[in-house]
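Note sheet for the following structure.
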2 protein chains.
Amino acid sequence: MTAPATARSEQTRAQIVEAALRLFRERGYAGTTMRAVAEEAGVSVGNAYYYFRSKDELVQGFYDQLAADHRAASAPVLARTTDLGERVAGTLNAWLSIAEHYHAFAGRFFAVAAQPGNPLSPFSSASHAARDAELALWDDVLAGSSTRIAAQLRARLPELLWLYQLGIVLFWVHDSSPGLRRTRELVGRSAPLVARLVRLARLPTLGPVVRQAADLAASLRGS
Amino acid sequence: MTAPATARSEQTRAQIVEAALRLFRERGYAGTTMRAVAEEAGVSVGNAYYYFRSKDELVQGFYDQLAADHRAASAPVLARTTDLGERVAGTLNAWLSIAEHYHAFAGRFFAVAAQPGNPLSPFSSASHAARDAELALWDDVLAGSSTRIAAQLRARLPELLWLYQLGIVLFWVHDSSPGLRRTRELVGRSAPLVARLVRLARLPTLGPVVRQAADLAASLRGS
DNA sequence: GTCTATAGTGGGATAGAC
DNA sequence: GTCTATCCCACTATAGAC
């Protein structure tokens, strides 16, 4: 992070991000120049680069904002029900609602974020704050549910659900159906399935598979 | 495709792709300029753009070549064994072997390919030839195996395995371990698990889950 | 440490002549 | 199909104001 802590710089930084997001929405990512962002924010180009090393990095603001909003938007559902399927679906739908506005340029954004080595990658250490927040959210989803979970699985599950979320996001990015109907449908169908699988994992017959899967999940760490 | 059919243009096109891939390997994607590609191929910049609408689109050549090579590289394993786990692992390892050379710039490449609307997206209609080839390959993997497969699942399975492959590729792209050890390990651990799950799907207890999962897979089509 | 202004480089992409 | 010339913009450099 290039984060200086003074109130003054915080404000300038926020202005720039805000201007950028507004222009991205209006003109798309490619159609928005750094000159335009700087002008819209009322700062010089050099100053914009003082806060963000590249145009790509401007979307970090979007990234951060999204992670914070997600938790807030999920709170109501998590307070309302203890059914795991509903909690999972609700958490994903909350994300879809807050991200909806940015669907048009999210593709470009996630393409940038998907690059290894890019600080915006969800796997990079620069994103670890946002990732940790999401993992904590998924832990809450589990903690408040009435479903009993196989012990082997419990520790790994927030991470697996986060990966599941990334899959949904990937689908969402490519979804051009009106009103994002297809993504909503995918959430509606997959969330109960996920909940069912978590429940099934307690079956003795499935012990070995679950163990194998848990080992696999463990070996994914530290990428 | 922008494909004119004359022998002359075919050749020019091939020259450009060849030059591009060589330079990508040597200098990486960002380090390779269109000017350099054109010069290396012995054509003008404008001419390079006549064949490829953007620098991104240049990697289509890589994409096509990879898909074709994959089938060829998989043939030996598929001829050698009928064990599903080994066939799956072998097919994935074959891909890793041929793609190894390009690992350094593959990240950039797949980031581009992940953009919706981009003709390089594995889900785009422009890539349907390469995708169909991969699906056919996965169908062969299943067809030549000794594992009996739940009927409901059989038709969807090539597609699901292709998605599984995309997941592996995504991991590979972010894998910076020496010799790509971690991806190899992931394949070694996950392939038997996949085979086991396919086998388990025949259990009567799992009927409903499998049906639900198959429905889900069916609803994914047509993205 | 925060910011402006300005001038410059390099490279992706395009227009239009041939 | 191919070229040359040109445009545009991300990004850098610099010098200085507060």
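Sequence lines set the chain letters: A, B, ... in the order given, protein chains first and strands last, and positions in each chain run from 1. Predicted model, so just to flag it, every value in this text is computed and none were measured.
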Six-ring centre of B:Y50, B:R13 cation under 6.0 angstrom, axis tolerance 45°: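 Ring-cation test returns no.
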Whole-Å gap separating [atom2] ([N]) and [atom1] ([X]):
X: A:Y29; N: D:dA10; atom1: OH; atom2: C1'; answer: 10 Å
X: A:R13; N: C:dG1; atom1: CZ; atom2: P; answer: 15 Å
X: A:L58; N: D:dC11; atom1: CG; atom2: P; answer: 9 Å

Check: B:L96 and B:L180 side chains under 4.5 Å, non-hydrogen atoms: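 Counting from C-beta outward, B:L180 and B:L96 never come under 4.5 Å.
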N-O pairing of [X] and [Y] below 4.0 Å:
X: A:D175; Y: A:R181; value: no
X: A:R189; Y: A:E185; value: yes
X: A:D139; Y: A:R154; value: yes

Plane angle bin for B:F24 and B:Y29 - parallel if under 30°, tilted between 30 and 60°, otherwise perpendicular: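 The rings of B:Y29 and B:F24 sit tilted, inter-plane angle from 30° to 60°.
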Ignoring backbone atoms, test whether [X] places a side-chain nitrogen or oxygen under 4.0 Å from the OP1 or OP2 oxygen of [N].
X: A:T12; N: C:dT2; value: no
X: B:N47; N: D:dC3; value: yes
X: A:Y50; N: C:dT2; value: yes
X: B:Y49; N: C:dA13; value: yes
X: B:S9; N: D:dG1; value: yes

A:K55 or B:G42, whichever maps to the more 5' nucleotide of DNA chain D: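 Taking each residue's closest nucleotide, the earlier one in sequence belongs to B:G42.
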First of A:G46 and B:A48 reached from the 5' end of DNA chain D, by closest nucleotide: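 This one resolves to B:A48.
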Sub-4.0 Å heavy-atom contacts from residues 30-41 of chain B onto DNA chain D, ordered by number: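 Those residues: none at all.
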Sugar-phosphate only, base, or nothing, as touched by A:V45 at under 4.0 Å among non-hydrogen atoms: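 The answer is nothing, as A:V45 stays clear of every strand by at least 4.0 Å.
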Listed nucleotide nearest any side-chain atom of A:V43, set C:dC3, C:dT4, D:dC3: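 Output: C:dT4.
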Polar side chain donor-acceptor pair, A:E159 to A:W138, under 3.5 angstrom: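 Note: A:E159 and A:W138 side chains miss the donor-acceptor criterion.
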